[in-house]
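Only a predicted model underlies this, so the values are computations on that prediction, with no experimental measurement involved. We're numbering straight along the sequence, starting at 1.
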Amino acid sequence: MNTLDVSRLPTYAFGHRSLMWWGTMGFIAIEGTVFAIALVVYFYLRELADLWPPEQPPPSLLFGTLNTVILLVSAIPNQWTKKAAEREDLRAVRIGLVVCMAFSIAFLIVRIFEFPALNTQWDASAYGSIVYMLLGLHTAHLLTDAIDSGVLTVLMFKGPLEGKRYVDVSETALYWWFVVLTWLPIYFTIYIVPRIS
């Protein structure tokens, strides 16, 4: 009986040949749907209301806009780190992860100030609830990615260093793109839409 020798096949792969990529894309599809539903709810509630936002000024632009700038700029080191991981360049990956962590932490610090600048509370009205829901969902994704990136940063410095860790870094960078791109319609909805009502 002939057997197939697979001992020389790679134990990891990047992109669509990786199970991690498919898992990340599945998660992005599910979470993207959650964001889309929350945005639909926002506009549904807005359509029902006589005044939007009800009896309060729209959110202050400062912290939301600052976070938008931080996120957009963070895409540069994020993509650089993704490419370094796919080249399996350990030194560049380490530098990139530290820089990406700094952006994550900066964003989360500004987010702390962003919630009070919404000029509403989560239990004040349907408007307050949906605005907090949108910002809360996005914050949960930021925290998840920051923790994941922190763990990967430690692993890339301490080991064990395996090829699949580079795949993890690449897929975490892909997930950060999701965090960045979902923020843009959320920012527009929370900060711009109340000003054009």
Side-chain angles (χ1 to χ4, degrees), residues 5-36 63-114 134-188 191:
D5 181 14
V6 295
S7 62
R8 285 183 270 174
L9 289 176
T11 57
Y12 62 93
F14 293 96
H16 69 277
R17 297 177 303 142
S18 165
L19 285 177
M20 179 69 85
W21 184 88
W22 286 101
T24 302
M25 293 308 289
F27 187 73
I28 286 172
I30 292 166
E31 294 303 311
T33 302
V34 172
F35 280 125
F63 296 112
T65 303
L66 180 57
N67 261 344
T68 302
V69 171
I70 291 170
L71 262 186
L72 290 174
V73 173
S74 78
I76 297 166
N78 179 65
Q79 187 64 20
W80 184 79
T81 304
K82 180 174 176 33
K83 295 296 183 190
E86 291 167 2
R87 289 190 317 270
E88 299 185 26
D89 181 345
L90 180 60
R91 182 176 179 277
V93 166
R94 286 175 173 168
I95 292 168
L97 282 172
V98 169
V99 171
C100 289
M101 281 301 304
F103 274 101
S104 294
I105 291 166
F107 191 94
L108 288 167
I109 289 169
V110 174
R111 180 58 54 90
I112 291 168
F113 298 101
E114 196 173 351
L134 284 166
L135 210 58
L137 280 171
H138 195 258
T139 303
H141 287 81
L142 283 163
L143 282 169
T144 302
D145 194 80
I147 292 167
D148 187 36
S149 294
V151 169
L152 282 174
T153 302
V154 170
L155 285 172
M156 294 311 280
F157 276 94
K158 296 285 187 184
L161 290 175
E162 304 171 57
K164 66 182 179 178
R165 292 293 164 240
Y166 292 104
V167 175
D168 295 342
V169 172
S170 176
E171 298 312 319
T172 296
L174 176 65
Y175 183 72
W176 187 255
W177 274 110
F178 170 71
V179 171
V180 170
L181 294 176
T182 54
W183 175 244
L184 298 177
I186 292 170
Y187 172 81
F188 179 80
Y191 293 97

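In this structure, Phe27 has its ring center closer than 6.0 angstrom to the ring center of Tyr175.
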Using the side chain to side chain contact (heavy atoms under 4.5 Å, CB included) rule, take Phe157 and Leu152 through it: C-alpha gap first, then chi angles, then the decisive distance, then the call. CA-CA 9 Å; Phe157 276 94; Leu152 282 174; over 6 Å; no

Give the intermediate values and the outcome of side chain to side chain contact (heavy atoms under 4.5 Å, CB included) for residues Leu72 and Leu184. CA-CA 9 Å; Leu72 290 174; Leu184 298 177; 4.1 Å; yes

When you look at Glu114 and Tyr191, which way does the side chain to side chain contact (heavy atoms under 4.5 Å, CB included) test go after all the steps? CA-CA 11 Å; Glu114 196 173 351; Tyr191 293 97; 2.6 Å; yes

Stepwise, does the side chain to side chain contact (heavy atoms under 4.5 Å, CB included) test hold for Val169 with Tyr166? CA-CA 5 Å; Val169 172; Tyr166 292 104; 5.6 Å; no

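Contacts classified as side-chain hydrogen bond (donor to acceptor under 3.5 Å, both in side chains) and involving residues 25-35 (residues at least two apart or in different chains) are given here: Glu31-His141.
Under the side-chain contact (heavy atoms from CB on, under 4.5 Å) test applied with Arg111, the options Ile70, Asn67, Leu143 reduce to a single match, Asn67.
Closest of all the heavy-atom pairs between Ser74 and Leu71 is OG-O, 2.6 Å. The minimum heavy-atom distance between Met25 and Leu174, with the atom names listed, is SD-CD2, 3.8 Å. Of all non-hydrogen atoms in Leu181 and Pro185, the two that sit nearest each other are O-CD, 3.1 Å. Of all heavy-atom pairs spanning Ala146 and Leu108, the tightest one is CB-CD1, 4.0 Å.
Atom OG1 in Thr24 sits 4.5 Å away from atom CD in Glu171 (nearest 0.5 Å). A distance of 10.5 Å separates CG in Asp145 from CZ in Phe178, rounded to the nearest 0.5 Å. Taken to the nearest 0.5 Å, the CZ atom of Phe35 stands 4.5 Å off from the CD1 atom of Ile186.
Ring orientation note: the planes of Trp183 and Phe107 are nearly perpendicular, at an angle over 60° on the 30°/60° scale.
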Enumerate donor-acceptor pairs with a distance under 3.5 Å from any side-chain N or O in residues 91-104 to protein atoms, sequence neighbours excluded.
from	atom 1	to	atom 2	distance (Å)
Arg94	NE	Met156	O	2.8
Arg94	NH2	Met156	O	3.0
Ser104	OG	Cys100	O	3.2

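Taking the side chain as every heavy atom from C-beta outward, Val73 and Val69 approach each other to under 4.5 Å.
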